[in-house]
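One structure is given here, and the rest of the page talks about it.
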2 protein chains.
Amino acid sequence: MKKTDAVAILSALAQDNRLDVFRLLVEAGPAGMPAGHIAASLRLPPSALSFHLDRLREAGLVTVCRNGRSMIYAARFEAMDLLVSYLTDHCCQGRPELCKPKTAQRRGAGQKPEPVR
Amino acid sequence: MKKTDAVAILSALAQDNRLDVFRLLVEAGPAGMPAGHIAASLRLPPSALSFHLDRLREAGLVTVCRNGRSMIYAARFEAMDLLVSYLTDHCCQGRPELCKPKTAQRRGAGQKPEPVR
DNA sequence: TTCATATTTCAAGGGATATTGAAATAAAGC
DNA sequence: GCTTTATTTCAATATCCCTTGAAATATGAA
């Protein structure tokens with residue numbers, strides 16, 4: 001992941017309404033939900049929601065597909081995984097023993113050579 | 001974690017220079033590094049660095065302690081862990097089977113009842 | 001075609017944020 | 001006390017971002 005991608009994701013999430021939208025979509029799961037439902041859930045005017053969904057989409061945090069008159073938005077979990085990897089890259093100079101014990105074991109045993117904290 | 005805390009963390013990281021600073025400190029590990037070294041590594045003017053470190057500190061992403069004339073900054077990994085938990089809270093309505101298989105197993109087997117994706 | 005529904009686009013405003021250099025503070029050494 | 005080093009504070013400028021409502025687009029139904 002490039003730095004510009006990470007900044008885009010972080011900027012997209014660093015806003016009250018967008019954070020709410022994204023978490024709502026995370027909760028909704030892969031099926032996603034139509035823009036209208038999001039607007040109703042969060043009491044957002046349609047134009048504001050459209051603006052925010054656009055930013056989330058540009059950052060790669062959500063996908064869209066049309067279903068009749070509705071636009072179905074869904075969270076892209078992959079984007080968040082990549083972001084976390086980017087943030088923890090080269091953690092503690094690659095020396096897990098430097099990480100505090102409690103923190104070091106929080107991530108469990110992944111099958112990929114993920115940076116261990 | 002409250003929403004305002006999450007937004008603070010995300011806003012703090014959603015900036016080129018601050019993202020560089022944080023990742024440098026993640027790499028440095030618990031020992032941290034003095035502000036001067038950060039400034040030298042990233043070619044940032046001292047006043048700019050001070051501004052950015054302050055924002056990271058207010059967000060709880062770094063800690064500071066004085067050592068002689070130097071200020072030693074270190075990353076607070078806990079903040080990131082809490083943020084990730086906040087983002088994935090109630091994921092897929094708590095039904096792991098809704099998460100895509102590949103993504104669902106990415107996080108390994110944590111000992112906490114962490115939301116599985 | 002005409003109407004109703006769902007969402008996006010547009011323009012304008014007010015507010016927050018990053019950058020810079022100079023000046024101020026804080027500690028260490030002579 | 002004076003000087004040097006390390007970092008922060010301050011003020012000014014420029015830039016970017018969010019919100020709002022009205023108008024426009026797209027689809028489905030009568």
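First the proteins, then the strands, lettered A, B, ... as listed; each starts at 1. Both backbone and side-chain heavy atoms feed into the values below; hydrogens, waters and symmetry mates do not.
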So [X], base contact, sugar-phosphate only, or nothing? Heavy-atom distance under 4.0 Å.
{"X": "B/Asn17", "answer": "sugar-phosphate"}
{"X": "B/Ala48", "answer": "base"}
{"X": "A/Ser47", "answer": "base"}
{"X": "A/Ser70", "answer": "sugar-phosphate"}
{"X": "A/Pro45", "answer": "sugar-phosphate"}

Atom of A/Met1, atom of A/Ala79 and distance for their closest heavy-atom approach: CE-O, 4.4 Å
All heavy atoms of B/Ala8 vs all of B/Ala59, minimum pair found to be O-CB, 3.6 Å
Verify side-chain contact (heavy atoms from CB on, under 4.5 Å) between B/Leu19 and A/Tyr86, making sure each step is shown before the conclusion. CA-CA 10 Å; B/Leu19 186 54; A/Tyr86 180 80; 3.8 Å; yes
Is there a chain of hydrophobic side chains (I, L, V, M, F, W, Y, each step under 4.5 Å between heavy atoms) that links A/Met33 to A/Leu42? yes
Group every Ile, Leu, Val, Met, Phe, Trp and Tyr by side-chain heavy-atom contacts under 4.5 Å, then state whether B/Ile72 and B/Val62 land in the same group. no
Within the pair B/His52 and C/dT19, is there a side-chain N or O less than 4.0 Å away from OP1 or OP2? yes
What is the distance, rounded to the nearest whole Å, between atom CG of B/Asn67 and atom C1' of C/dA27? 11 Å
Roughly, in whole Å, what's the span from CG in A/Leu49 to P in C/dT5? 19 Å
Range on DNA chain D touched by chain B, heavy atoms, distance below 4.0 Å: D/dT4 to D/dT9
